[in-house]
Amino acid sequence: MDNNDKVILEEPVSDFWNVWYSELHNQEVGLSIKIKKMLYSGESEFQRIDVLDSCYFGKMLILYGSIMITEKDEFIYHEMITHVPMFTHPDVRNALIIGGGDGGTLRELIKHQSIKKITQVEIDKKVIEVSKKYFPEVAKEFDNPKVKLVYEDGAEFIKKTEEKYDLIIIDSSDPVGPAISLFSKSFYSYCFNALNDDGILTAQTESPFFNKNEVRKIYKNLKDIFPIVKMYLAYVPTYPSSLWSFALCSKKYDPVEDFDNNRYKNLNLKTNYYNCDIHKACFSLPNFVKELL
Ligand code: SPD
């Protein structure tokens with residue numbers, strides 16, 4: 001056989017690591033990430049759970065086919081859902097996290113020594129177990145003595161809790177499956193009742209670029225319940241459109257007017273995304289987002 005008989009692709013389409021995870025963001029757009037290894041794949045009572053090791057974003061926790069966290073960019077979401085309300089309210093002592101089974105929000109909350117007690121309500125015990133095993137740096141505060149862990153549907157827990165909280169953080173997955181009820185008006189109204197008179201609620205509220213209808217409905221529901229409702233934005237590379245929204249809902253404090261620069265400086269928090277400029281700037285919204293509200 002001489003060289004002329006050999007059949008070789010002139011432009012190789014594959015290499016050793018050519019395995020990709022793709023997440024569709026709608027029927028026509030998606031995000032693909034090159035994968036090194038599948039570390040875990042299983043099903044809980046509630047959902048499929050996967051952990052993949054990717055070349056660029058490190059390990060990724062994927063629930064029901066949707067990226068929840070990656071090692072490389074999880075800090076952005078967790079710092080923003082936590083520190084924006086924490087630097088709006090002057091003295092959070094008792095906090096409630098609903099969802100957040102990976103532990104990232106808890107890790108950020110624990111950085112604030114003023115907090116005396118954190119109750120975390122997570123429906124899916126398996127998510128916490130998997131996170132502790134594969135993401136020990138994210139899930140590192142579950143055994144902190146300030147933390148009370150409850151395995152229950154947050155929507156049921158909030159109906160019957162007799163405690164009053166200074167801060168409630170709804171660190172939910174997307175509005176599919178068991179998380180649907182965490183976006184409803186009645187759930188928000190139970191949260192309102194469970195807050196102290198100057199309490200604050202923050203929630204993740206999806207992509208204003210791809211989830212326009214959902215975002216409109218979420219904010220209508222929130223505005224029917226809370227006197228102050230402000231959307232803020234952060235850039236999360238592995239979430240649909242990278243532009244991610246959060247709601248700050250408050251009974252009394254305004255996140256921009258009541259932001260205390262000195263308290264922020266004195267605390268000397270170690271953060272990678274959040275800072276005092278971001279705190280103010282994240283409430284500035286593009287026109288196409290303002291129109292949704
Ligand atoms: N489509 C991704 C939405 C993820 C929102 N929740 C993330 C939980 C991280 N603690």
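Atoms within each ligand, like the ligands themselves, are counted from 1 in listed order. Only a predicted model underlies this, so the values are computations on that prediction, with no experimental measurement involved.
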Q. Is the cationic atom of Lys59 (NZ for Lys, CZ for Arg) positioned less than 6.0 Å from the six-membered ring centroid of Tyr134 and within 45 degrees of its normal?
A. no

Q. Looking only at heavy atoms, which two atoms of Ala247 and Tyr232 are closest? And how far apart?
A. C-CE2, 4.1 Å

Q: Measure centre to centre between the rings of Tyr274 and Phe75, then say whether the value is under 6.0 Å.
A: no

Q.
Tell me whether the NZ or CZ atom of Lys251 lies within the 45° cone about the ring axis of Phe226 and under 6.0 Å from its centre.
A. no

**Q.** Protein residue, atom and distance nearest to atom 7 (C) of ligand 1, heavy-atom basis
**A.** Tyr239 OH, 3.2 Å

Q.
Can you name the atoms of ligand 1, numbered from 1 with element, that are less than 4.0 Å from a heavy atom of Ser66?
A. 1 (N), 2 (C)

Q.
Give me the residue, atom name and distance of the protein heavy atom closest to atom 9 (C) of ligand 1.
A. Asp102 OD2, 3.1 Å

**Q.** Residue, atom name and distance, where the atom is the protein heavy atom closest to atom 2 (C) of ligand 1
**A.** Ile67 O, 3.4 Å

Q.
Ring-plane angle category for Phe87 and Tyr264, please: parallel below 30°, perpendicular beyond 60°, tilted otherwise.
A. perpendicular

Q. Where on Glu74 is there a heavy atom closer than 4.0 Å to ligand 1, on the side chain, on the backbone, on both, or on neither?
A. neither

Q: Give yes or no for whether the N/O distance cutoff of 3.5 Å, strictly under, is met between Asp174 and ligand 1.
A: yes

Q: Could you tell me whether Tyr188 and Phe183 have their ring centroids closer than 6.0 angstrom?
A: no

Q.
Below 4.0 Å from ligand 1: does a non-hydrogen atom of Ile81 turn up there or not?
A. no

Q. Between His279 and His83, is the ring centre distance below 6.0 Å?
A. no

**Q.** Closest protein heavy atom (residue, atom, distance) for atom 8 (C) of ligand 1
**A.** Asp171 OD1, 3.2 Å

Q) Hey, does Ser172 come in under 3.5 Å of ligand 1, counting only N/O atoms on both sides? A) yes

**Q.** Residue-ligand contact Gly104/ligand 1, heavy atom below 4.0 Å
**A.** no

Q. Side chain, backbone, both or neither: which part of Trp244 has a heavy atom under 4.0 Å from ligand 1?
A. side chain

Q.
Quick check with a 6.0 Å cut-off and a 45 degree axis cone: is Lys34 positioned over the face of Tyr56's six-membered ring?
A. no

Q. Taking the six-membered ring of Phe209, is the NZ or CZ of Lys212 close enough (under 6.0 Å from the centre) and on axis enough (within 45°)?
A. yes

Q) Would you say His78 and ligand 1 have an N/O pair spaced under 3.5 Å apart? A) yes

Q. Has ligand 1 got any nitrogen or oxygen that is less than 3.5 angstrom from a nitrogen or oxygen of Thr105?
A. no

